[in-house]
Amino acid sequence: EVQLVESGGGLVPPGGSLRLSCTSSGFSFDDYTIGWFRQKPGKEREAVSAITHNDGSTYYADSVKGRFTVSSDNAKNTHELQMTNLKPEDTAVYYCAVQVGTVVFTGRPRAYQYDYWGQGTQVTVSS
């Protein structure tokens, strides 16, 4: 059974930092992509960042470029999203997800493309 477990959310003031972690288990796909999404109340789930398993290619939404960094430790099956210079508009529930197969980033990843999801973790940026 594929499982994704996120941790690391919380309350942080504007300009602060958080590191989200996602531990994956229960799968051994030849190639896959880890995506990080967020969902604000009343809004669609949107891709924030993603990283491919085999070659480490990355994707960042324009709104987080230069502030967020995605990484994976394939030996430990852990994936992280380092978030710095956080803004109130970053407030959302953050999810990690897995898309099975080889992915080439040609545009913003879409939630429907992902096969498995974690439970989400709340990030609140507020003074």
Side-chain angles (χ1 to χ4, degrees):
E1 179 186 3
V2 175
Q3 286 193 321
L4 300 168
V5 179
E6 300 108 334
S7 60
L11 173 65
V12 63
S17 300
L18 278 176
R19 185 190 301 266
L20 303 183
S21 294
C22 174
T23 300
S24 59
S25 63
F27 63 87
S28 59
F29 307 119
D30 289 341
D31 199 6
Y32 58 90
T33 296
I34 295 293
W36 288 93
F37 289 75
R38 66 187 181 191
Q39 190 164 22
K40 304 174 184 180
K43 302 291 186 180
E44 289 188 1
R45 197 168 294 188
E46 62 178 8
V48 172
S49 185
I51 184 167
T52 62
H53 170 72
N54 278 359
D55 65 7
S57 298
T58 57
Y59 164 87
Y60 294 98
D62 288 344
S63 58
V64 306
K65 278 181 183 175
R67 301 190 297 123
F68 291 12
T69 303
V70 65
S71 62
S72 282
D73 184 333
N74 293 327
K76 296 181 179 180
N77 292 327
T78 58
H79 321 280
E80 293 188 340
L81 184 68
Q82 176 68 49
M83 306 185 294
T84 63
N85 191 21
L86 283 160
K87 304 175 181 181
E89 52 264 41
D90 294 317
T91 295
V93 177
Y94 284 71
Y95 299 87
C96 69
V98 172
Q99 180 179 357
V100 179
T102 297
V103 169
V104 176
F105 298 123
T106 58
R108 190 167 202 170
R110 301 297 180 181
Y112 73 84
Q113 297 171 317
Y114 282 71
D115 303 288
Y116 303 95
W117 291 83
Q119 82 285 0
T121 186
Q122 176 70 46
V123 171
T124 303
V125 184
S126 175
S127 54

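One-based numbering along the sequence shown.
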K.L.:
Relative to the ring of H79, is the ring of Y32 parallel (under 30°), tilted (30 to 60°) or perpendicular (over 60°)?
P.N.:
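Taking H79 first and then Y32, their aromatic rings stand perpendicular (interplane angle over 60°).
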K.L.:
Once you round to the nearest 0.5 Å, how far does CZ of R38 lie from NZ of K43?
P.N.:
12.0 Å
K.L.:
Can you see which heavy atom on V70 is nearest to which on A50, and at what distance?
P.N.:
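What the structure gives for the nearest pair is CG1-O, 3.8 Å.
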K.L.:
Do S57 and D55 get their side chains close enough for a donor-acceptor pair, meaning under 3.5 Å?
P.N.:
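Distance-only check passes for S57 and D55.
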K.L.:
I need the S63 OG to F68 CZ distance, nearest 0.5 Å.
P.N.:
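The OG atom of S63 sits 7.5 Å away from the CZ atom of F68.
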K.L.:
Just checking E44: does its CD atom have more than 12 heavy atoms from other residues, nucleotides or ligands closer to it than 6.0 angstrom?
P.N.:
no
K.L.:
To check you understand the geometry: which heavy-atom pair defines the closest contact between A61 and R108, and what is its length?
P.N.:
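Distance-wise, the nearest heavy atoms are CB-NH2, 3.5 Å.
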K.L.:
Roughly how far apart are Q3 CD and Q119 CD, rounded to 0.5 Å?
P.N.:
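With rounding to 0.5 Å, CD (Q3) is 10.0 Å from CD (Q119).
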K.L.:
Give a yes or no on whether the backbone of Q99 and the side-chain of Q113 come within a donor-acceptor separation of less than 3.5 Å.
P.N.:
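Not at all, since once roles are kept as given, no pair shorter than 3.5 Å links the two residues.
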K.L.:
Is a side-chain N or O of K76 found less than 3.5 angstrom from the main chain of T23, in a donor-acceptor match?
P.N.:
no
K.L.:
Can you name the side-chain hydrogen bond (donor to acceptor under 3.5 Å, both in side chains) partners of Q122, sequence neighbours left out?
P.N.:
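Listed in chain order: T124.
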K.L.:
If you compare all heavy atoms of F37 against all heavy atoms of P109, which two are closest, and at what distance to 0.1 Å?
P.N.:
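For F37 versus P109, the nearest heavy atoms are CE2-O, 4.1 Å.
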K.L.:
Restricting to non-hydrogen atoms, name the atom on S126 and the atom on P14 that form the minimum distance, rounded to 0.1 Å.
P.N.:
C-CD, 3.7 Å
K.L.:
Find the distance between CG (L81) and OG1 (T69) and round it off to the nearest 0.5 Å.
P.N.:
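Between atom CG of L81 and atom OG1 of T69 there are 8.0 Å.
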K.L.:
Any ion pair linking D62 and K65 (charged N to carboxylate O, less than 4.0 Å)?
P.N.:
yes
K.L.:
Any side-chain heavy-atom pair from V98 and D115 closer than 4.5 angstrom?
P.N.:
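The answer is no; the side chains never approach within 4.5 Å.
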K.L.:
State the OH-CG distance between Y94 and L18, to the nearest 0.5 angstrom.
P.N.:
9.0 Å
K.L.:
How about CG on D30, more than 12 heavy atoms from neighbouring residues, nucleotides or ligands closer than 6.0 Å, or not?
P.N.:
no
K.L.:
In this structure, would V123 and Y60 fall into the same cluster of hydrophobic residues linked by side-chain contacts under 4.5 Å?
P.N.:
yes
K.L.:
Once the angle between the rings of W117 and Y95 is folded into 0 to 90°, is it parallel (under 30°), tilted (30 to 60°) or perpendicular (over 60°)?
P.N.:
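Geometry flag for Y95 against W117: perpendicular rings.
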K.L.:
For E1, is there any backbone N or O sitting under 3.5 Å from a side-chain donor or acceptor partner on Y116?
P.N.:
no
K.L.:
Treat each ILVMFWY residue as a node, draw an edge where side-chain heavy atoms are under 4.5 Å apart, and state whether Y59 and I34 are in one component.
P.N.:
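Y59 does not cluster with I34.
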K.L.:
If you round to the nearest 0.5 Å, how far is CZ of R19 from CD of E80?
P.N.:
4.5 Å
K.L.:
Minimum heavy-atom separation for S72 and I51, please, with both atom names.
P.N.:
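Shortest heavy-atom contact: OG-CG2, 3.5 Å.
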K.L.:
Looking only at heavy atoms, which two atoms of F105 and T33 are closest? And how far apart?
P.N.:
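That would be CZ-CG2, 3.9 Å.
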K.L.:
Of T102, N74, D31, which meets side-chain hydrogen bond (donor to acceptor under 3.5 Å, both in side chains) against H53?
P.N.:
N74
K.L.:
Applying the side-chain contact (heavy atoms from CB on, under 4.5 Å) test to D90, which of N85, V12, V125, V48 qualifies?
P.N.:
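In the set N85, V12, V125, V48, the residue that makes a side-chain contact (heavy atoms from CB on, under 4.5 Å) with D90 is V125.
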